[in-house]
Amino acid sequence: MTRVPIPAYDPATVEAKWQERWAREHTDEPDLDRPRRPFYNLMMFPYPSAEGLHVGNMFAFTGADIHGRFKRLQGYDVFEPMGFDAFGIHSENYALSVGVNPAELIPKNIATFRRQLRRFGGMYDWRHELSTTDPRYYKWTQWIFLQLFNAGLAFRKKAAVNWCPKDMSVVANEQVIDGYCERHPDTRVEQRLLEQWFFNITRYAERLLANLDRLDWSESTRTLQRNWIGRSEGAELIFDTPAGAKITVFTTRPDTVFGATYLVLAPEHPLVDELTAQEQRREVNAYRRAVQSKDVVARRVGDKTKTGVFLGSYARNPATGEAIPIWTADYVLMEYGTGAIMAVPAHDERDFAFATEFRLPIREVVRTGEPLPSVSEDGVLINSAQFDGTGCRDAQRRIVAWLVERGLATPQVQYRLHDWCISRQRYWGPPIPIIYCDRCGPVGVPEQDLPVTLPIIEDFRPDASGVSPLARHKEWYFTKCPRCGAQGRRETDVFDTFLDSAWYFLRYPSTEFDDRPWDPARTKTWLPVTTYIGGNEHAVLHLLYSRFITMVLRDLGKVAFEEPFPKLRAHGLLIKDGAKMSKSRGNVVVPDAYIQQWGADTFRMYLMFLGPYQEGGDFRDTSIVGVRRFLDKVWTTAHEAAGADAGALPDALERKLHQTIRKVTTDTERLDYNTAIAAMMEYVNVVRELGAPSRAAIEPLLIMLAPFAPHVAEELWATLGHEGSIFAARWPSFQEQLAAAGDVEVVIQVNGKVRGRVTVGRGASEQEVLALALRDEAVRKFVDGKPLRKTVYVQDRVLNLVV
RNA sequence: GCGACCGUGGCGGAACUGGUAGACGCGCAGGACUUAGGAUCCUGUGGGGCAACCCGUGGGGGUUCGAGUCCCUCCGGUCGCACCA
């Protein structure tokens, strides 16, 4: 073999060369109109923060990119788009802090992200980049709103909403953490009553829940969604009052109705006034005022002492006929159920605490053998007239049936899920396309007038009035009513960003069309998304909202499927020193310096090697060098192979190769990237140990390496004399017989303890192995002199001798 | 409180349906080559013991020929939900 000097591996040169070539040759741009095997590889698009892409983003995107490149090598036409979720309070607050309009800042941030995303070697089809802030995009966000509006799924409602005094804006329930603003952990969220736009997502609760069963998602993500939807089965029971008012309560435990010793209405309940006795009025009103001024923390935190006021009137228990007192208390929430409950202190912890506090009667009606309050449903009814002795579950059905017959109950299902509030009293979002007319009411902006462009204004600062800054922009604010032509006023609220991101996957394949949100043919070809990869932080809201919007569009005949993401994989979180990376903690790691020092390929692989992709891990840079050493070894070996004579692989190497292909294929398919990398490392070690670098040994490795380290794989592929991109090659296949051939080591155990090993041909019989085993010194020492009571043989693995 | 997941060398982590615990990598130790090396290569590396062996996957118990893996229980951690009737 002739020794040719091997050039040094310089990632910067190699990576620049291939990135330039991929762009020039449109390597990453599939034919969207006539693909042979379309594969839509989607990753959750980033919010382009001013700090740029951080290693957490890169961890996420690398794993998704590997998936796309892997599928590409398996012969799919992979469409891997990238875009930016650039509207929202996040950008707006940053813009406010630096005193520049976000419209000016965002393009710069996007440019930084784009540069970083290109630099790390993502296989993105940049022809189809999108940004939610682009009027060509949000025109269709507004259009989607109008579809829901016209279908009666968007409505206005005055609602108690969370108000963050710092943001001076409404924040969603889900953005409130323990009563504090998610963005301002030192700021308590207050309650305010505002007129808001909502989407009627609760109407879809049942379908959103039921469909979960047939999605290829991780069980944990589905559980999160199920809990969020929070379905409860029960009944509405009617308690009437002497004055004629009927109070409807929701309960999941109708079997305990005989133990309902009082009723509680939420302070906001519409019947409170009517049911309050004259002499209690002053006290009740004072209580209601006090509750209203309370912030959400005090209202929501569970373990505090209960407060409440007796209304001075009574209702009739539909089961016992007794008059029971009616109270109001803030532990009952107006947003859930009917805003009124029957209190069964013996069998509910909250009611028990309340009854104890106010000395209300506690009547045990279910015998469970546990002390009160006992909430178990494994009990038998007592003190319940004709139902005594009935088991709880049985009693639930029978009591409901009995009350239904008398018109006092309706079986009912309740959801924890609330309607989706899409209004934000902010500037940086797509304006809600509604015009208010004194004569016509709220009128949707006609499609031909879309988009309602967000004006660039100087004073985009929100104020405490609760009215969006857009209201101050008079020439924008006043407009003609599209229906009657009279002067109207624009809606000044903008959309929640979750609406921007609830449909972006529909837009990607169709970004070049301005006359339609998505092209029917393109959509038919590419959707639903083949694999969706993203973080668990979006397990609930983003995914639920996207599913909801898709479902509605399906019902309106706009798309042909109702689940946008049949296959979802969630990557883990990359943390730093045991904590989530965040700007406030100051532990955000930026990838640029690492990429510069080690190269994008090394850094990509390192991120994938530090832990299981779907679990995440702690970022520390101590072992990057190991990955770089591996790529150096591959580099050297491939160059040696280029100069080596062609020849057959030694048997041992051939077997190892087939085993490696098998392992890397299954692991990569499952996104178990860390073990796939380990298998490739092991293989290269074997190639080097056997001193057998050759084309046959190294070419399949390069193809398997290509998804992980695409640049160096391309370079070495060329070194071996190939003309085109390595991504035009086919993923290597393995032969099971070749992977399995050869001898195996069978472990010999005596009474379950390892005492020896014997080498036999694969598939050897028990007798054969036993004979060899009994010749083994160490084994004999433990067996000799004792009768063999039993043997357990596991083919090719273990023989256990029981003596 | 409820729900889900997790606990393996000095470190990150392997171990498919119960079947050789610690793959792969970092680090560390020794050696080779070198003017030098934080470069490269080789050897070793769970703990104890001179050895035969013994002990080892958070603690305790169980099932099994055999348990990191299954069951019970306790301890510790992460995440989600949380006055949802």
Side-chain angles (χ1 to χ4, degrees), chain A residues 174 178 218-224 226-228 230-232 234 249-253 256 260 264 266 299-304 306 329-333 335-344 347-351 353-354 375 414-418 536-537 539-540 572-573 575 578 580 606 609-612 615-627 629-630 632-633 636 663 666-667 670 672 674-685 688 745-757 778 781 789-803:
Chain A
E174 30 297 320
D178 288 339
S218 81
E219 192 50 46
S220 62
T221 307
R222 290 188 291 173
T223 302
L224 283 173
R226 281 192 196 103
N227 293 344
W228 192 263
R231 184 183 199 272
S232 293
V249 305
F250 173 73
T251 179
T252 54
R253 293 295 303 275
T256 62
V264 187
R299 185 74 196 266
R300 285 275 167 97
V301 168
D303 56 2
K304 58 156 184 124
K306 299 278 184 284
D330 68 355
Y331 81 93
V332 173
L333 309 173
E335 309 93 79
Y336 185 78
T338 61
I341 61 152
M342 66 173 198
V344 185
H347 306 293
D348 182 281
E349 282 175 40
R350 297 150 300 174
D351 297 344
F354 191 82
V375 297
Q414 279 294 333
Y415 300 92
R416 204 193 72 102
L417 181 71
H418 289 48
N536 251 324
E537 68 273 21
V540 178
L573 195 63
I575 58 176
K580 204 167 162 173
Y606 171 65
F609 189 56
L610 60 72
E615 284 167 38
D618 206 356
F619 180 85
R620 52 171 63 91
D621 49 23
T622 51
S623 48
I624 298 182
V625 66
V627 173
R629 281 178 193 151
F630 165 69
D632 282 334
K633 250 189 270 189
T636 307
K663 174 133 185 83
T666 54
D667 286 2
R670 288 199 300 241
D672 289 339
N674 56 334
T675 51
I677 293 169
M680 288 189 276
M681 288 175 165
E682 213 177 321
Y683 176 71
V684 173
N685 290 342
R688 299 201 66 75
E745 205 175 55
V746 174
V747 166
I748 310 301
Q749 297 181 333
V750 179
N751 291 338
K753 285 194 184 266
V754 179
R755 299 300 179 187
R757 352 184 109 85
K781 202 163 83 189
R789 283 199 293 134
K790 180 178 173 183
T791 60
V792 179
Y793 181 54
V794 181
Q795 186 79 65
D796 298 336
R797 278 188 188 275
V798 65
L799 174 69
N800 190 11
L801 310 175
V802 187
V803 293

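Because the structure is predicted, anything quoted here is derived from the model rather than measured. Protein chains get the first letters and strands the later ones, always in sequence-line order, with residue 1 at the start of each.
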| field | Separation of A/Leu417 CG from A/Asn227 CG (nearest 0.5 Å) | value | 12.5 Å
| request: Enter the distance from A/Asp330:CG to A/Lys306:NZ here, rounded to the nearest 0.5 Å. | output: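 Reported to 0.5 Å precision, the distance equals 9.0 Å.
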When you compare [N] with [M], how far apart are their [atom1] atoms, in angstrom units rounded to a whole number?
| N | M | atom1 | answer |
| --- | --- | --- | --- |
| B/A39 | B/A29 | P | 13 Å |
| B/G19 | B/C70 | P | 11 Å |
| B/A52 | B/U64 | C1' | 29 Å |
| B/G38 | B/U34 | C1' | 15 Å |
| B/C71 | B/G7 | P | 14 Å |
| B/G48 | B/U43 | C1' | 23 Å |
| B/A14 | B/G46 | C1' | 15 Å |
| B/G13 | B/C2 | P | 29 Å |

State whether the side chain of [X] and the backbone N or O of [Y] hold a donor-acceptor pair below 3.5 Å, judged by distance alone.
| X | Y | value |
| --- | --- | --- |
| A/Arg253 | A/Val375 | yes |
| A/Asn751 | A/Val803 | yes |
| A/Asp672 | A/Thr675 | no |

| said: Let me spell it out: for each of A/Ile341 and A/Gly617, pick the nucleotide of RNA chain B with the closest heavy atom. Which residue's pick is nearer the 5' end? | reply: A/Gly617
Considering every strand and a 4.0 Å limit on heavy-atom distances, what is the contact class for [X]: base, sugar-phosphate, or nothing?
| X | value |
| --- | --- |
| A/Arg789 | nothing |
| A/Val802 | sugar-phosphate |
| A/Arg755 | sugar-phosphate |

Taking [atom1] from [X] and [atom2] from [N], how many angstroms apart are they, rounded to a whole number?
| X | N | atom1 | atom2 | result |
| --- | --- | --- | --- | --- |
| A/Arg222 | B/C5 | CZ | P | 13 Å |
| A/Leu801 | B/C65 | CG | C1' | 10 Å |
| A/Tyr415 | B/A85 | OH | C1' | 17 Å |
| A/Leu224 | B/C2 | CG | P | 18 Å |
| A/Tyr331 | B/C83 | OH | C1' | 9 Å |
| A/Lys663 | B/C16 | NZ | C1' | 8 Å |
| A/Asp621 | B/G12 | CG | P | 15 Å |
| A/Glu615 | B/G13 | CD | P | 8 Å |

| query | Dot-bracket for RNA chain B: what is it, with Watson-Crick or G-U pairs under 3.5 Å, [ ] where a pair crosses earlier ones, and | for a pair to another strand? | reply | (((((((..(((......[....)))((((((.......))))))(((....)))..(((((..]....))))))))))))....
| query | Within less than 4.0 Å of OP1 or OP2 of B/C55, is there a side-chain N or O belonging to A/Lys753? | reply |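 It does, given that an N or O in the side chain of A/Lys753 lies less than 4.0 Å from OP1 or OP2 of B/C55.
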| message | Quick check: do A/Gln414 and A/Thr252 have side-chain heavy atoms less than 4.5 Å from each other? | response |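 A/Gln414 does not reach A/Thr252 side chain to side chain.
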| request: Answer yes or no: is there a side-chain heavy-atom contact under 4.5 Å between A/Met342 and A/Thr256? | output: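 The answer is yes, as the side chains (C-beta and beyond) meet within the 4.5 Å cut-off.
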| Is the A/Tyr331 ring parallel, tilted or perpendicular to the A/Phe354 ring (thresholds 30°, 60°)? |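 Rings of A/Tyr331 and A/Phe354: tilted, as their planes differ by 30° to 60°.
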| query | Counting side-chain heavy atoms from C-beta on, which of B/A85, B/C81, B/G80 comes nearest to A/Leu333? | reply |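 Taking heavy atoms from C-beta onward, the closest nucleotide is B/A85.
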| query | Nearest of B/A14, B/A85, B/G19 to any side-chain atom of A/Pro612? | reply | B/A14
| Would you call B/G9 syn or anti, using the 90° rule around 0? | syn
| said: Applying side-chain contact (heavy atoms from CB on, under 4.5 Å) to A/Asp351 and A/Ile341, what does each step give before you reach the verdict? | reply: CA-CA 10 Å; A/Asp351 297 344; A/Ile341 61 152; 3.5 Å; yes
| task | Summarise how protein sits on nucleotides 20-27 of chain B as a single string, 5' to 3': B when a protein heavy atom is under 4.0 Å from the base, S for sugar-phosphate-only contact, - for no contact. | result | B--BBSSS
| task | Would you check if there is a donor-acceptor pair between the side chains of A/Lys790 and A/Asn800 at a distance under 3.5 Å? | result | no
| field | Non-hydrogen atoms of A/Ser232 and A/Tyr336 that approach each other most closely | value |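 A/Ser232 and A/Tyr336 have their closest heavy atoms at OG-OH, 3.5 Å.
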